[in-house]
Amino acid sequence: MEALEAILTRRSIRKYSNKPVSEEAVRTLLEAGMSAPSAMNEQPWEFIVTRKREALLAIKDVHPYAAMLAEAQRAITICGNTAREKRPGYWMIDCSAATQNILLAAHALGLGAVWLGVYPNQDRVEPISRLLELPPDVIPLAIVAIGYPAESKETSRRYDPERVHEEKW
Ligand SMILES: Cc1cc2nc3c(=O)[nH]c(=O)nc-3n(C[C@H](O)[C@H](O)[C@H](O)COP(=O)(O)O)c2cc1C
């Protein structure tokens, strides 16, 4: 898939078939995440890959908007390692770029995926950190649920010329 086509047609997919997702595909998603830009090239990210059904269900149980994990084949939790930061305060921006890269790569591979927000909701950060046994410097930003799509969605056309300002506001 062309990069521009992937960007323009990506949608959140929350229903998945039981077709397995290969380890090669997961590796490609992780490479895409780690190819993101970051402040001073600090690359403060860490990724937790969840494969076991019981672990996917445990995350679902502590996240209020993650019911699709019951059927997802994999989840990738994108975390910021504050000990790796060169510019304090940038980890969540860098990790957001990594998360978006994973979503676009999943779509390009024919997978369905959705961004599940964790940070800055402390009531999600704390239980997910506990479940994934994260050290204190590592903060979960987002979880991406992944599987082959069992729903299809129309492209959402969001271009709005009113949001574009020429030279000045
Ligand atoms: C920071 C962030 C947090 C989100 N959290 C959730 C979530 O917890 N559960 C969920 O089902 N979708 C979540 N989404 C997905 C949004 O609902 C979705 O991107 C939005 O409705 C636009 O739809 P689209 O992704 O199909 O274009 C989140 C997206 C972002 C960027």
Side-chain angles (χ1 to χ4, degrees), residues 1-18 21 25 28-30 32-39 44-50 53 55-82 85 89-132 134 138-164:
M1 192 185 284
E2 292 277 342
L4 195 56
E5 186 191 351
I7 291 167
L8 294 177
T9 63
R10 180 215 57 81
R11 296 296 312 278
S12 292
I13 298 298
R14 299 182 177 87
K15 293 192 168 75
Y16 314 105
S17 74
N18 55 13
V21 173
T28 301
L29 299 182
L30 294 168
M34 292 186 214
S35 300
S38 60
W45 37 65
E46 312 276 352
F47 303 87
I48 314 282
V49 181
T50 304
R53 178 61 51 203
L56 292 164
L57 291 171
I59 298 173
K60 175 193 87 86
D61 287 345
V62 298
H63 191 297
Y65 304 109
M68 76 296 289
L69 287 174
E71 284 157 18
Q73 294 295 316
R74 298 284 186 274
I76 298 177
T77 302
I78 299 93
C79 304
N81 187 343
T82 55
E85 277 190 309
Y90 278 80
W91 71 264
M92 70 288 288
I93 302 170
D94 301 333
C95 290
S96 295
T99 304
Q100 176 71 349
N101 268 14
I102 291 173
L103 292 179
L104 290 172
H107 182 46
L109 290 176
L111 291 161
V114 59
W115 179 323
L116 306 177
V118 179
Y119 183 88
N121 300 286
Q122 281 309 311
D123 58 338
R124 300 180 200 172
V125 169
E126 283 165 22
I128 287 163
S129 299
R130 256 197 313 278
L131 271 178
L132 301 180
L134 302 180
V138 176
I139 305 166
L141 175 91
I143 301 165
V144 175
I146 299 154
Y148 281 93
E151 64 174 339
S152 65
K153 286 191 173 172
E154 294 294 312
T155 296
S156 173
R157 297 193 166 275
R158 295 180 187 153
Y159 181 75
D160 177 359
E162 291 186 5
R163 300 295 185 95
V164 182

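Order of appearance sets the numbers: ligands from 1, and atoms from 1 within every ligand. Quick caveat, the model's predicted, so the values are computed rather than measured.
- Partner Ser129 forms a side chain to side chain contact (heavy atoms under 4.5 Å, CB included) with one of Leu134, Thr77, Val118, Ile139 and no other, that one being Leu134.
- Heavy-atom neighbours of Lys15 NZ from other residues, nucleotides or ligands within 6.0 Å: at or below the threshold of 12.
- Heavy atoms of Arg158 come nearer than 4.0 angstrom to ligand 1 in at least one pair.
- Ring pair Trp45/Phe47 is tilted by interplanar angle, where 30° to 60° counts as tilted.
- Protein heavy atom at the shortest distance from atom 18 (C) of ligand 1 is Ser12 OG, 3.4 Å.
- Here the shortest heavy-atom pairing between Ala105 and Ala32 reads CB-CB, 3.5 Å.
- The protein non-hydrogen atom at the shortest distance from atom 14 (N) of ligand 1 is Trp115 O, 2.9 Å.
- Those atoms of ligand 1 that come under 4.0 Å of a heavy atom in Val114, given as number and element, are 12 (N).
- For atom 9 (N) of ligand 1, the nearest protein heavy atom (residue, atom name, distance) is Tyr65 O, 3.0 Å.
- Between Leu69 and Ile59, the shortest heavy-atom contact is CD1-CG2, 3.6 Å.
- Minimum interatomic distance between Arg11 and Glu154 (heavy atoms only, all atoms of both residues): NH1-O, 2.8 Å.
- In Gln122, the CD atom is crowded: over 12 heavy atoms of neighbouring residues, nucleotides or ligands sit closer than 6.0 Å.
- Looking from atom 8 (O) of ligand 1 to the surrounding protein, the closest heavy atom is His63 CE1, 3.2 Å.
- The ligand atoms of ligand 1 that sit less than 4.0 angstrom from a heavy atom of Gly117 are 3 (C), 4 (C), 5 (N), 6 (C), 7 (C), 8 (O).
- If you check which protein heavy atom lies closest to atom 16 (C) of ligand 1, you get Arg14 NH2, 3.8 Å.
- Short contacts between ligand 1 and Met68, defined as distances under 4.0 Å to a heavy atom of the residue, involve ligand atoms 11 (O).
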